[in-house]
Amino acid sequence: QVQLVESGGGSVQAGGSLSLSCAASGRTFSISAMGWFRQAPGKEREFVAAISWSGGRTTYADSVKGRFTIFRDNAKNTVYLQMNILKPEDTAAYYCAARRADSLSIAQNDYDNWGQGTQVTVSS
């Protein structure tokens, strides 16, 4: 089993920054690509960003491109999401996900393990 624990959420004013972390434990050798998703109240969960095992390939949702950066430190079994120029519409619970395959995917069903989520609130 793989356990994922997110941290770093909080409240910030529009234009501010937050950095999320996701620490993996357990059978971490089975993890390849990882991703971040988010779910706002009353909305479906949506893709935010994904990264390959080496970190050499990344992909982003259009809504966050140029503002968010995903990166990872495999020595620490941790993936990060640096969020800059935050907007009120970024308010959501943010979830970390991991998959065994190393191909990048924006589809939730392609991920094998999920964290519990961390709340990000952006006020105007």
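In this structure, S52 contributes its side chain and R57 its backbone to a donor-acceptor pair below 3.5 Å. Remark: the backbone N or O of S11 is not paired with any side-chain donor or acceptor of T121 at under 3.5 angstrom. Using a distance-only test at 3.5 Å, with no hydrogens or angles considered, no donor-acceptor pair links the side chain of R38 to the main chain of T91. Looking at N113, its side chain never comes within 3.5 Å of a backbone N or O of L4 through a donor-acceptor pair. The main-chain N or O of I85 is found under 3.5 Å from a side-chain atom of R67 such that the two form a donor-acceptor pair. Without hydrogens or angle criteria, S32 side chain to R100 main chain gives a donor-acceptor distance under 3.5 Å.
Atoms CG and CD1, from D102 and I31 in turn, are 12.0 Å apart once rounded to the nearest 0.5 Å. The distance from atom CD of Q82 to atom CZ of F68, rounded to the nearest 0.5 Å, is 9.5 Å. In this structure, NZ in K76 is found 9.5 Å from OG in S21, a value given to the nearest 0.5 Å. Taken from CG in N77 to OG1 in T28, the straight-line distance is 4.0 Å, to the nearest 0.5 Å. With rounding to the nearest 0.5 Å, the separation of OG in S124 from CG in L86 is 13.0 Å. Note that the OH atom of Y94 and the CZ atom of F37 stand 13.0 Å from one another [nearest 0.5 Å].
Counting all heavy atoms, side chain and backbone alike, A33 lies closest to S103 at CB-O, 3.7 Å. Closest approach of K43 to Q39, counting heavy atoms only: O-NE2, 3.1 Å.
Classification of K87 and D90 as a salt-bridged pair fails, no side-chain N sitting under 4.0 Å from a carboxylate O. A salt bridge is absent between D112 and R99: the closest approach of a Lys/Arg side-chain nitrogen to an acidic carboxylate oxygen does not fall below 4.0 angstrom.
In this structure, M83 and L81 have side chains that are in contact, with non-hydrogen atoms separated by less than 4.5 Å. Considering only heavy atoms from C-beta on, E6 comes within 4.5 Å of Y95 through its side chain. Residues T58 and T69 have side chains not in contact (no heavy-atom distance under 4.5 Å, counting atoms from C-beta outward). In this structure the side chain of Y60 never reaches within 4.5 angstrom of the side chain of V48, judged on heavy atoms. Proximity of V2 to S30: side-chain heavy atoms (C-beta onward) are separated by under 4.5 Å at one or more points. Contact annotation: the side chain of Y111 never approaches that of M34 to less than 4.5 Å [non-hydrogen atoms, C-beta and beyond]. Looking only at side-chain heavy atoms (C-beta outward), V79 and F71 stay at 4.5 Å or farther from each other. A 4.5 Å side-chain heavy-atom check between I70 and W36 finds at least one atom pair inside the cut-off.
When hydrophobic clusters are built by joining Ile, Leu, Val, Met, Phe, Trp and Tyr residues whose side-chain heavy atoms come closer than 4.5 Å, directly or via intermediates, V122 is grouped together with L18. Residue V64 is not grouped with residue L104 when hydrophobic side chains (ILVMFWY) are merged at heavy-atom distances under 4.5 angstrom, including chains of intermediate members.
Heavy-atom contacts from other residues, nucleotides or ligands closer than 6.0 Å to CD of E46 number more than 12.
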